[in-house]
Structure formats: C-alpha cells, structure tokens
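Numbered from 1 within each chain, the chains take letters A, B, ... in sequence-line order.
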Amino acid sequence: MNQANSSKLTTKISEKGLRYDLTVPFARYVVQYQNDITFPFRRYQIQPVWRADRPQKGRYREFYQCDVDIIGSDSLLNEVELIRIVDQIYHNLGISVVIKINNRKILSGIAETIGEADRITDITVAIDKLDKIGLERVNEELLQKGVSGEAVLKLQPILQLNGTNEDKLNQIEQVISGSETGVKGIAEMRTIFNYLASMKLEIEVEMDLTLARGLNYYTGAIFEVKSKDVEIGSITGGGRYDDLTGIFGLSGVSGVGISFGADRIYDVMSQLDLFPKEAITSTQVMFVNFGEAEERYILPLLYRLRAAGISSEIYPDRDKMKKQMIYANKKGIKFVALAGESEIAGGMVNLKNMESGEQSLIKAEDLVSVVSRKLD
RNA sequence: GUGGAUGUAGCUCAGGGGUUAGAGCACUGGAUUGUGGUUCCAGGGGUCGUGGGUUCAAUUCCCAUCUUCCACCCCA
C-alpha cells in the first residue's frame with residue numbers, strides 16, 4: 001500500500017463509522033451494566049472522538065471530548081449542576097464565555113404552532129443560521145425547504161426575540177401557548193432560571209432560541225458554550241435526552257450531559273495566551289554539566305532537591321557552558337547551579353539567579369534550604 | 001461531495017523564463033579558556049511538493065497529481 005491510497009483509505013474508514021461522540025457509547029454502557037449501576041448514575045469521561053468531514057478551522061478529524069453525564073433522573077437540578085460545572089470550569093480557566101440555553105420542547109412547540117410539526121429539522125437548521133446569514137436568508141431557506149409562507153410569517157416574532165431571558169420566555173409563551181409540549185418546555189426553562197437565580201454564577205447565561213444542536217436525541221434543555229473573545233464556534237455543548245438508552249433496549253431512562261471540546265478550548269487559551277508560565281516551564285533549578293567527575297558530585301544534590309519537591313534537572317550533555325546557559329535561559333529556569341573543580345574541592349555550589357544575574361557560593365549541604373527559601 | 005487558495009532554507013515568508021534563488025527568525029563559530037538575556041562579526045544549510053509538457057533554456061509558463069489551508073454542505 002502506498003502513501004497515496006493510504007490517505008484515501010483513512011477517509012473511507014472514517015466514513016464507515018468510528019466513535020463520533022461519547023454519549024451514545026455511554027448509553028450502551030449503561031444498558032449493558034444496568035444491573036451493576038446505581039442510579040442516578042454520574043460519570044465523566046475523556047477520550048478522543050472522530051469526525052468524517054474534511055477538517056477546517058477549529059474542526060478536526062480527531063479531537064478530545066470531556067463528557068459529564070447524569071443518567072437515571074429527570075430532575076432539572078441536574079441541568080443546573082451541569083451549568084454550575086461549566087461556570088466553574090471556565091471561570092477557573094480564565095476564559096470569558098456565554099452559555100446559551102434552549103429547549104427542544106420549545107422548538108417542537110414552535111413547529112407545532114406554525115403548523116409544520118413534521119418539518120422541525122428543517123426549521124431548526126434554518127433558525128440555527130440566524131446570526132450567521134441573517135433573517136432574510138433564513139426566511140428564504142425556509143421557503144425553499146418547503147415551509148409554507150404563512151408559517152414563515154408566524155415565525156417572525158420568534159426570530160426577532162429580545163430582552164432578558166424572562167422577556168424572551170414571555171414572548172415565546174404568547175406565541176406557542178397552544179402547544180402542550182411548548183408550554184412544558186417554557187416551564188422547564190423557568191425552573192432552571194429560578195434555580196440559577198439563587199446562586200452566583202461567574203459566566204453569562206443566555207436564552208437563545210436559535211440554538212438547535214443537531215437535535216437527534218435531545219428532548220429537553222440544550223446547551224452550548226461560546227467564547228466571547230475568540231471566533232471558533234462552540235467549545236462545549238450538551239443537553240437532555242429522554243430515551244438514548246432506548247436504542248439499546250432500555251427505555252424510560254432519562255439523562256442529561258455536556259461535553260467539553262478539549263482541542264478548541266486549547267485553541268482559545270493559546271490564542272488568548274492564557275496558559276500560565278509555570279505550566280510551560282517546570283524546571284526550577286538546572287545543574288550545569290562540566291564533566292564526569294562533576295556529574296557524580298551533582299547527582300546526589302539533584303536528587304535531594306527533587307526529594308524536597310523542587311523540580312530540577314542536570315543538563316545531560318557536556319556541551320559548552322554558553323550553550324547550557326542559553327538553554328536554561330530559554331526555558332525560563334530560575335536558578336542555575338554550577339559545580340566545577342573549584343566548588344567541588346570546597347564542597348560548595350555556585351547558585352546563580354538567572355533573573356537578577358546575582359550569584360552566590362554556598363555549601364552543598366545548604367543547597368536545598370537556600371533554594372527553597374529563595375523560591376518563596 | 002462543491003468552490004477557492006497553497007507548496008521556495010529547520011520555521012515564517014519574499015522573488016522570478018537566462019551565470020551563484022533571497023530576508024527575518026533558528027542553528028554553528030568568534031569577540032568572551034567557567035557564565036545566559038542586549039550587541040557586533042563570520043559561517044553552514046535549498047532536487048523551489050511530485051510527474052509530464054512547451055522552450056535553446058523551467059524553480060518561474062501549461063497540464064496532471066498529491067499535500068496543507070479556507071469556505072460551502074454537514075456537524076453524529
């Protein structure tokens with residue numbers, strides 16, 4: 001097999017059905033171990049998943065997802081818990097985000113109300129593009145997909161919602177009050193917002209009717225998180241699924257889950273330069289390598305530093321000192337320890353602070369205590 | 001799958017039918033025998049993606065092919 005057709009093979013294989021998400025396999029797992037699991041069952045899972053499409057910006061063939069799910073409970077408290085997790089995680093990462101919430105029942109209610117219940121997919125796919133292509137083209141697309149002009153007209157107030165989350169819910173309610181499902185969806189949203197009102201969130205929560213999220217298996221709340229500073233699409237998404245386990249033979253088990261896209265989050269953080277410097281440079285002390293005898297003198301000192309919890313390394317090659325210093329400098333190592341012939345003779349170590357350039361001759365036995373004091 | 005770009009030094013990119021293809025960064029040596037960050041000097045490094053065609057001459061023009069990227073479709 002040559003290189004040319006190996007890449008074609010890859011495409012073929014990836015189209016044949018690899019693991020596209022962690023939620024469906026999770027449902028299978030739950031069904032398989034239903035007798036061993038205690039419900040409500042919670043778990044998180046971090047694993048690579050694949051996409052068969054051509055890769056492009058922010059869209060990878062293989063990427064890591066971090067899933068959190070709670071299954072076997074239909075309490076809306078679980079939705080609230082997930083929102084809380086999102087809130088804490090992005091706050092801790094220092095990424096400024098907005099979490100958008102919608103509800104599949106409301107979307108169904110809308111389709112029902114305008115008399116196009118069976119066109120829900122076309123309708124939501126079109127609505128989803130609202131902020132991307134604008135109202136006019138969304139309407140065009142709806143008509144083109146075969147949604148009646150009358151229905152499109154009825155849809156207009158919903159497409160132009162504004163105000164607070166509560167305002168939006170009130171406006172939608174007026175339109176879809178005839179739909180039992182829709183009304184239920186609105187009640188769910190209100191419950192969630194009520195819970196959220198009782199806690200202090202760091203991130204912004206926004207009711208967004210244009211949020212559709214594929215919607216194959218979602219039945220209630222749906223979530224999506226977007227970075228406010230980086231244009232990259234959604235970095236986290238999820239929702240409530242009432243019968244995902246049904247396809248594997250276990251019905252009546254509702255769950256809700258959310259999935260963080262690790263690679264996109266990484267992209268956002270690296271574009272915003274949010275990775276702390278300590279995360280990049282870990283070595284605090286580097287020993288210069290002068291030769292074999294010096295290596296033997298240094299090794300016990302190195303291990304003593306490490307035992308004291310100070311990240312240290314010895315430059316592995318006997319390169320010119322200048323090169324070793326350049327290495328330490330580029331890595332942002334704070335201290336360089338020098339022990340050559342003269343230091344060894346006196347049982348000493350020369351400790352150089354790479355930031356100030358200041359250098360002090362200390363007893364080898366004092367190295368650990370001196371370094372830990374200076375690192376404070 | 002559709003459309004548009006791209007491929008030249010390790011990296012980011014400039015250039016151009018005709019002796020020896022350039023820059024910045026990186027790398028190596030020196031000014032500095034055991035001292036980095038700022039300087040200064042010198043040096044190494046290229047099958048110009050691959051295959052074919054046009055031409056006296058192709059890295060440059062044409063065709064094909066592959067790669068990567070961007071957008072659309074889609075987003076499990």
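Residue A:Lys57 places at least one side-chain N or O under 4.0 Å from the OP1 or OP2 atom of B:rA71. Side-chain N/O atoms of A:Lys320 include one lying less than 4.0 angstrom from OP1 or OP2 on B:rG30. The side chain of A:Gln56 contributes an N or O atom lying less than 4.0 Å from OP1 or OP2 of B:rA71. Residue A:Lys322 has no polar side-chain atom (N or O) positioned under 4.0 Å from OP1 or OP2 of B:rC27. Distances shown here put every side-chain N or O of A:Lys323 at or beyond 4.0 Å from the OP1 or OP2 atom of B:rG29. For B:rG36, neither phosphate oxygen OP1 nor OP2 lies less than 4.0 angstrom from any side-chain nitrogen or oxygen of A:Lys334.
Distance check on atom C1': B:rC13 versus B:rG53 gives 30 Å, rounded to whole Å. For B:rU67 and B:rA26, the P atoms lie 34 Å apart once the distance is rounded to whole Å. For the P atom pair drawn from B:rC63 and B:rG22, the interatomic distance equals 29 Å after rounding to whole Å. Using C1' as the reference atom, B:rG7 and B:rU65 are 13 Å apart when rounded to the nearest Å. Going from the C1' atom of B:rG37 to that of B:rC75 covers 48 Å, rounded to whole Å. Rounded to whole Å, the P atom of B:rA64 lies 12 Å from the corresponding atom of B:rG4. For the P atoms, the distance linking B:rA9 with B:rA14 amounts to 12 Å, nearest Å. Separating the C1' atom of B:rG46 from that of B:rU8 is a span of 8 Å, rounded to the nearest Å.
RNA chain B lies under 4.0 Å from at least one heavy atom of each of the following residues of residues 349-376 of chain A: A:Lys352, A:Met354, A:Glu355, A:Gly357, A:Gln359. RNA chain B is contacted by no residue of residues 223-243 of chain A, taking any non-hydrogen atom closer than 4.0 Å.
Computed from coordinates, the A:Leu211 CG to B:rC75 P distance equals 14 Å when rounded to whole Å. Separating the CZ atom of A:Arg137 from the P atom of B:rC72 is a distance of 10 Å, rounded to the nearest angstrom. Rounded to an integer number of Å, the gap from OH of A:Tyr315 to P of B:rG34 is 14 Å. Distance A:Arg51 CZ to B:rC73 P: 17 Å, rounded to the nearest Å.
In this structure, A:Gln65 reaches neither bases nor backbone, as no heavy-atom distance under 4.0 Å exists between it and the strands shown. At a threshold of 4.0 angstrom between heavy atoms, the contacts of A:Glu341 include nucleobase atoms, whether or not backbone atoms are also involved. Residue A:Thr23 is classed as having no contact, given no heavy-atom separation below 4.0 Å to the nucleic acid.
A salt bridge does not link A:Asp267 with A:Arg264: every distance from a Lys NZ or Arg NE/NH1/NH2 to an Asp or Glu carboxylate oxygen is 4.0 Å or more. Taking the charged nitrogens against the carboxylate oxygens, A:Arg240 and A:Glu79 do have a contact shorter than 4.0 Å, which makes a salt bridge. Using a 4.0 Å cut-off between a side-chain N of Lys or Arg and a carboxylate O of Asp or Glu, A:Asp69 and A:Arg42 do not qualify as a salt bridge. Ion pairing between A:Glu62 and A:Arg51 fails under the 4.0 Å rule for side-chain N and carboxylate O. Checked for salt-bridge contact, A:Glu173 and A:Arg190 meet the test: a charged N lies under 4.0 Å from a carboxylate O.
Pair assignment for B:rG22: B:rC13, on the basis of Watson-Crick or G-U wobble contacts that are both within less than 3.5 Å. Pairing partner, B:rG36: none, since no Watson-Crick or wobble contact has both distances short of 3.5 Å. In this entry B:rC27 has B:rG43 as its Watson-Crick or G-U wobble partner, both defining distances falling under 3.5 Å.
With sequence neighbours left out, the side-chain hydrogen bond (donor to acceptor under 3.5 Å, both in side chains) criterion links A:Glu224 to A:Arg213. For A:Lys184, there are no side-chain hydrogen bond (donor to acceptor under 3.5 Å, both in side chains) partners, not counting sequence neighbours. Every ring-ring contact (aromatic ring centres under 6.0 Å, His included) that A:Tyr315 has, sequence neighbours left out, goes to A:Tyr327.
A:Asn329 contributes no side-chain N or O that forms a donor-acceptor pair with the base of B:rG37 under 3.5 Å. Side chain A:Glu294 to base B:rG34: no donor-acceptor pair is found below 3.5 Å.
Atom CD of A:Gln156 is surrounded by more than 12 heavy atoms from other residues, nucleotides or ligands within 6.0 Å.
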In residues 23-30 of chain A, what donor-acceptor pairs under 3.5 Å come from side-chain atoms, sequence neighbours left out?
| unit_1 | atom_1 | unit_2 | atom_2 | d |
| --- | --- | --- | --- | --- |
| A:Thr23 | OG1 | A:Asp67 | OD2 | 3.2 |
| A:Arg28 | NE | A:Gln32 | OE1 | 3.4 |
| A:Arg28 | NH2 | A:Gln32 | OE1 | 2.8 |

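In this structure, A:Tyr266 has its ring center closer than 6.0 angstrom to the ring center of A:Phe275.
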